[in-house]
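What follows is a short report on a single structure.
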Protein chains: 2
Amino acid sequence: MVKTLDDNAMPPLIDHVGWRLWRLARQWKTEFDTAMAARGHGWMAEARGAVVGHLRPGGMSQSALPSAMGISKQAVQQLVDELVAEGIVERIPDPTDGRGRIVRLLPRGKQAIADGNEVKLEIEARYADRIGAGRLAALNAALDVLAEGT
Amino acid sequence: MVKTLDDNAMPPLIDHVGWRLWRLARQWKTEFDTAMAARGHGWMAEARGAVVGHLRPGGMSQSALPSAMGISKQAVQQLVDELVAEGIVERIPDPTDGRGRIVRLLPRGKQAIADGNEVKLEIEARYADRIGAGRLAALNAALDVLAEGT
DNA sequence: GGGTATCGTCAAGTAACTTGACTATACTGG
DNA sequence: CCAGTATAGTCAAGTTACTTGACGATACCC
């Protein structure tokens, strides 16, 4: 019984939708991060970048971020602390709730969001060039339908 | 100038391919991890699960793992240490290289891979039910083409 | 107006890495 | 065949991105 040969004849553990999704998602993020770093927003690649990505430009209650981002409120606290220290956002009291704080974008943060939107459009345009606008739309639709399920 | 209103009228930062890819990739992983946990392989959800996912059932040189997984050799070392401690893999000397070690799956590890392959097929089957085999094939093809480019 | 829930914060712990330093073994050119 | 250099694995320590727990202050509900 040539067990080792049989073993090695097994398919690679890599040929499935899940792996393909991860690969392209990682690649997309690398492209995004590289382009953002080139525009001076290298910090967007780190965890605090995700906070800015979830922020409405008009500002947002800090308490809304944990559920939106899927992390704990203490994690949000720490990330916002860093963004405040770097002058990307500020924390102001919530006029409608004595306990709450509003996280508001400073100019540097607003610029990052504007540049981020541009970069996303550029990447999407490159994708459309490669597979065609129709197939890209079909891809987006399929991703949406599959995500709905669970 | 009603700046705040304009700000809030901006599109959500969430409506782009990159976000859709991340969302479905995360969801796929959650489905996979849940199914694996139900089969007694809860540890597959953690970092050391990725090592087993990259291992050929016949065994593999430890030195090949860092580049395959995209992490440092020291990180691989630590993860393999954990797997050895849990009786999932063993480290044996490489007969062809006095410096090297072969990381070889023990029965528990082989079972995890077998179960993992089953679970992947189940998830893929559910995907096919939802969008049809043809659209799923088109999705896979699109993901492959886009990943090629870098 | 008292009980309970929520908001933000401080503190400490953990997972999953990283970089740096080191030893043992292998390969390579003269 | 042997000095020089590269590679495999290991040990130690540091960093990042979280986590859970505890707590005071404010808000909400009956």
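Quick note on labels: first sequence line is chain A, next is B, and so on, each numbered from 1.
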Inset, instruction - Given ring-ring contact (aromatic ring centres under 6.0 Å, His included), test B:Trp22 with A:Trp22 step by step and report yes or no. - result: CA-CA 7 Å; B:Trp22 277 110; A:Trp22 277 109; 5.7 Å; yes
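Between the C1' atom of D:dT10 and the CZ atom of B:Arg101 lies a distance of 9 Å, rounded to the nearest Å. What separates CD of B:Glu82 from P of C:dA15 is a distance of 8 Å, to the nearest Å. In this structure, the CD atom of B:Glu46 is 11 Å from the P atom of C:dC17, given to the nearest Å. In this structure, the CH2 atom of A:Trp43 is 16 Å from the P atom of D:dT16, given to the nearest Å. Rounding to whole angstrom units, CG of residue B:Leu65 and P of D:dT10 are separated by 12 Å. A straight line from CG of B:Asp94 to P of C:dC27 spans 11 Å, rounded to a whole angstrom. Between B:Asp81 atom CG and D:dA12 atom C1' there is a gap of 13 Å when expressed in whole angstrom units. In this structure, B:Gln62 atom CD and C:dT25 atom C1' are separated by 15 Å, rounded to whole Å.
Listed for the A:Arg48 side chain is no donor-acceptor partner under 3.5 Å among the backbone atoms of A:Asp81. Checking side-chain atoms of A:Arg39 against main-chain N and O of A:Val119 turns up no donor-acceptor pair under 3.5 Å. Not a single donor-acceptor pair under 3.5 Å links the side chain of A:Glu124 to the backbone N or O of A:Leu136. With hydrogens and angles disregarded, no donor-acceptor distance shorter than 3.5 Å links the side chain of A:Arg91 to the backbone of A:Val103.
Here CG of A:Leu24 is found 5.0 Å from CG of B:Leu21. Values are rounded to the nearest 0.5 Å. The NE2 atom of A:His54 sits 9.0 Å away from atom CD1 of A:Ile71, with the distance rounded to the nearest 0.5 Å. For the atom pair CG (A:Leu55) and NZ (A:Lys110), the distance works out to 10.5 Å, reported to the nearest 0.5 Å. Residue B:His16 holds its NE2 atom at 9.0 Å from CD1 of A:Ile123, rounded to the nearest 0.5 Å.
If you check residues 84-93 of chain B against DNA chain C, you find no residue with a heavy atom closer than 4.0 Å.
Proximity of B:Ser61 to the phosphate of D:dA8: no side-chain N or O atom is located under 4.0 Å from OP1 or OP2.
Atom CZ of B:Arg104 is surrounded by 12 or fewer heavy atoms from other residues, nucleotides or ligands within 6.0 Å.
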Whether each nucleotide of nucleotides 20-28 of chain D has a protein heavy atom under 4.0 Å at its base (B), only at its sugar-phosphate (S) or at neither (-) is summarised, 5' to 3', as BBB--BBS-
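Axis angle across the helix from C:dG1-D:dC30 to C:dG30-D:dC1, with five pairs used at each end and values rounded to 10°: 30°.
Between B:Trp28 and B:Phe32, the angle of the ring planes stays under 30°, which puts this pair in the parallel group of the 30/60° scheme.
Contact annotation for A:Gln77: base contact, defined as any heavy-atom pair under 4.0 Å involving a base atom.
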